[in-house]
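In what follows, a structure is listed as structure tokens, so that the remarks can point back to it.
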Amino acid sequence: LRWGKEEKASVQARSAREPSAEERAWLLGLPTLRVGYEMDRHPYSFADGEGESAGLSADYLRMVQRELGLRLEMVPAEDWDSLQRMVRSHEIDLIAAGTARDFDPLEMSFAQPYEYFPQVIVARNGGPPITRLQDLIGKQVAFRKETALLSLLRASLPGTQLLPTASNEAGLSRVARGQADAFIGTLPAIDSLIRSRYAAQLRVVGPAGMDQELAIGARPEFSALLQLIDRRLSHLDEGTRAGIRSRWISSEYNYGVPWKWVIGTALAGLLVLGLVLAAYARLRRAADAQRAAEQELAAQLGFREALLEIIP
């Protein structure tokens, strides 16, 4: 009997995420959709050794393509600037990995994010002590040129010289050459670059306290497709998501400050490590905590008003 209930629930879940007959007819009428993706944004979006689209975003996109029966043409962009230009010139219909805050809503709309990743701070080995975002105030900070990230950094780092770069590689290179004090980027994207090219020069020193969203975008004339994408990905089980992450994201990086600092500042080192590991979970819980606090405050105010009413 239990097996029968589970089978029924599984069938209902499949039915909820599958397009209706009317939606299928609309999907069949779609032309081949041109999908823009960055060639240099490992592990999210890049071109593999055979020049094919690869990475975490490509896996999610193929899943959506298979489920919805889409015909896609992958269009590579050399970097973020090229992808932005392709959107403005209407050279592409979809984006494999982006966020609504980085594009004009008249040019590109987005589905709900399929992944979130924490932003971290990278600094030179042997450089000045930096463990949190506020330590960068007044310094030179490089970052991957994205509208949403620029807005957050301007609000958080007054009096700081912000240096936009076209890619993570370009930003890390500026720090390694002493042209910037730090670089801010997502941990999975910069981890392999640091270990393969800058292990003797750079290190991750702490969390930046903000997230990077990844979502599929579509031009306005195809925005109805986003609802179908949301429906499909909202029913994706965590095991499948974990499988995609483990395929592309390494967890080998040893976070924190160099051991020569840890000897004299063990407590601070442990704090940095804990902050890096907890940053993502803390940010994801922030909205729930705020709502709970507002509800508690409302209850306290209600009690106070009631108490004042009964006091003679």
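Heavy-atom basis, side chains included; hydrogens, waters and symmetry copies ignored.
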Task: Backbone of P220 reached by a side-chain donor or acceptor of S223 within 3.5 Å - done: yes
Task: Heavy-atom side-chain contact between E73 and L33 under 4.5 Å - done: no
- [ ] Could you tell me the separation between the CD atom of Q112 and the CZ atom of R231, rounded to the nearest 0.5 Å?
- [x] 14.0 Å
Task: Pair Y37 + F46: ring centers closer than 6.0 Å - done: no
Task: Stepwise side-chain hydrogen bond (donor to acceptor under 3.5 Å, both in side chains) test for E38 and Y44 - done: CA-CA 9 Å; E38 294 174 80; Y44 310 135; over 6 Å; no
Task: Residue pairs fulfilling salt bridge (Lys or Arg N to Asp or Glu O under 4.0 Å) with at least one residue in residues 74-88, sequence neighbours excluded - done: D81-K145, R85-E91
Open item on the list: Using only atom types and a distance under 3.5 Å, with no angle test, would you say the side chain of T165 pairs donor to acceptor with the backbone of S167?
Closed with: yes
TODO: Kindly give the heavy-atom pair with the smallest separation between M74 and P76, and that separation in Å.
DONE: O-CD, 3.7 Å
Open item on the list: Treating S156 as the side-chain partner and L153 as the backbone partner, does any N or O pair qualify as donor plus acceptor under 3.5 Å?
Closed with: no
- [ ] If a pair satisfies ring-ring contact (aromatic ring centres under 6.0 Å, His included) and one of its residues is in residues 133-155, list it, with sequence neighbours excluded.
- [x] none
- [ ] Starting from L163, walk the hydrophobic network (Ile, Leu, Val, Met, Phe, Trp, Tyr; side-chain heavy atoms closer than 4.5 Å) and list everyone else you reach, by chain and number.
- [x] none
Task: Trace of the side chain to side chain contact (heavy atoms under 4.5 Å, CB included) decision for M63 with R232 - done: CA-CA 9 Å; M63 187 181 306; R232 173 63 189 95; 3.9 Å; yes
- [ ] Give, for atom CD1 of I249 and atom CD of E115, the distance between the pair rounded to the nearest 0.5 Å.
- [x] 6.5 Å
- [ ] Work out which heavy atom in I121 is nearest to a heavy atom in A182; give both atom names and the distance.
- [x] CG2-CB, 4.0 Å
- [ ] Indicate, with yes or no, if I216 and L30 share a hydrophobic cluster defined by side-chain heavy-atom contacts under 4.5 Å among Ile, Leu, Val, Met, Phe, Trp and Tyr.
- [x] yes
Task: Inter-residue atom distance E23.CD - L28.CG, 0.5 Å rounding - done: 12.0 Å
Open item on the list: For L56, is there any backbone N or O sitting under 3.5 Å from a side-chain donor or acceptor partner on D59?
Closed with: no
Task: Pairwise side-chain contact, T186 with V120, heavy-atom cut-off 4.5 Å (strictly under) - done: no
Task: W80 versus D40, side-chain donor and acceptor atoms under 3.5 Å - done: no
- [ ] Give a yes or no on whether E22 atom CD has more than 12 heavy-atom contacts from other residues, nucleotides or ligands under 6.0 Å away.
- [x] no
TODO: Evaluate the side-chain proximity of M210 to L149: yes if any heavy-atom separation is below 4.5 Å, no if none is.
DONE: yes
Open item on the list: Between T240 and L236 (side chain of the first, backbone of the second, donor and acceptor by atom type, cut-off under 3.5 Å), is there such a pair?
Closed with: no
- [ ] Provide the closest heavy-atom pair for L27 versus L70 in the form atom of the first, atom of the second, distance.
- [x] CD2-CD2, 3.9 Å
Open item on the list: Has D181 got a side-chain atom pairing as donor or acceptor with Q140's backbone, closer than 3.5 angstrom?
Closed with: yes
Open item on the list: Under the criterion side chain to side chain contact (heavy atoms under 4.5 Å, CB included), I'd like the reasoning laid out for L72 against L61: C-alpha separation, chi angles, the key distance, then a yes or no.
Closed with: CA-CA 10 Å; L72 303 179; L61 190 64; 4.0 Å; yes
Task: Value rounded to 0.5 Å, distance of CG in L193 from CG in L202 - done: 10.0 Å
Task: L94 reachable from M86 in the ILVMFWY side-chain graph, under 4.5 Å edges - done: no
Open item on the list: Quick check: closest heavy atoms across L83 and G36, and the distance to 0.1 Å?
Closed with: CD1-C, 3.8 Å
Open item on the list: We want to know whether T99 and D102 form a side-chain donor-acceptor pair, criterion being a heavy-atom distance below 3.5 angstrom.
Closed with: no
Open item on the list: Does anything in residues 146-202 form a ring-ring contact (aromatic ring centres under 6.0 Å, His included)? List the pairs, not counting sequence neighbours.
Closed with: none
TODO: Using a strict cut-off of less than 4.0 Å between a Lys/Arg side-chain nitrogen and an Asp/Glu carboxylate oxygen, indicate whether E67 and R62 qualify as a salt bridge.
DONE: no
Open item on the list: Between E213 and Y114, do the side chains contain a donor N or O and an acceptor N or O under 3.5 Å apart?
Closed with: no
TODO: Identify the heavy atoms of G185 and I190 that sit nearest to each other, and give their distance.
DONE: O-CD1, 4.1 Å
Open item on the list: Strictly below 4.0 Å, N to O, side chains only: are R41 and E146 in salt-bridge contact?
Closed with: yes
Open item on the list: So, taking the atom named OG in S45 and the one named CH2 in W248, what distance separates them when rounded to the nearest 0.5 Å?
Closed with: 10.5 Å
Open item on the list: So which atom in R101 and which in A148 form the shortest heavy-atom distance, rounded to 0.1 Å?
Closed with: CB-CB, 3.5 Å
TODO: Kindly indicate whether the side chain of P118, heavy atoms from C-beta on, has any atom under 4.5 Å from the side chain of P207.
DONE: no
Open item on the list: Applying a strict under-4.5 Å side-chain criterion to I, L, V, M, F, W and Y, I'd like to know whether L233 and F117 cluster together.
Closed with: yes
Open item on the list: So that I can tick it off, tell me whether R195 and D191 are bridged by a salt bridge, with the cut-off set at under 4.0 angstrom between side-chain N and carboxylate O.
Closed with: yes
Open item on the list: Tell me if the centroids of the rings in W26 and F222 come within less than 6.0 Å of each other.
Closed with: no
TODO: Can you tell me which residue pairs pass the salt bridge (Lys or Arg N to Asp or Glu O under 4.0 Å) test with a partner in residues 152-172, sequence neighbours excluded?
DONE: E169-R197
TODO: Inspect the surroundings of CD in Q179 and state if more than 12 heavy atoms from other residues, nucleotides or ligands are less than 6.0 Å away.
DONE: yes
Task: Under 3.5 Å side-chain donor-acceptor pair for S20 and R24 - done: no
TODO: Check the pair L68 / L225 against side chain to side chain contact (heavy atoms under 4.5 Å, CB included), numbers first and verdict last.
DONE: CA-CA 9 Å; L68 301 182; L225 181 61; 3.9 Å; yes
Open item on the list: So, taking the atom named NZ in K139 and the one named CD1 in I130, what distance separates them when rounded to the nearest 0.5 Å?
Closed with: 5.5 Å
Can you give the donor-acceptor pairs under 3.5 Å from side chains of residues 103-111 to other protein atoms, not counting sequence neighbours?
residue : atom : partner : partner atom : Å
D104    : OD1  : L106    : N            : 2.9
E107    : OE1  : H90     : NE2          : 3.1
E107    : OE1  : R219    : NH1          : 3.2

Task: Heavy-atom check, side chain of V35 versus side chain of I92, under 4.5 Å - done: no
TODO: Just do the side chain to side chain contact (heavy atoms under 4.5 Å, CB included) check on V122 and R203 with the steps written out, would you?
DONE: CA-CA 6 Å; V122 178; R203 68 188 185 280; over 6 Å; no
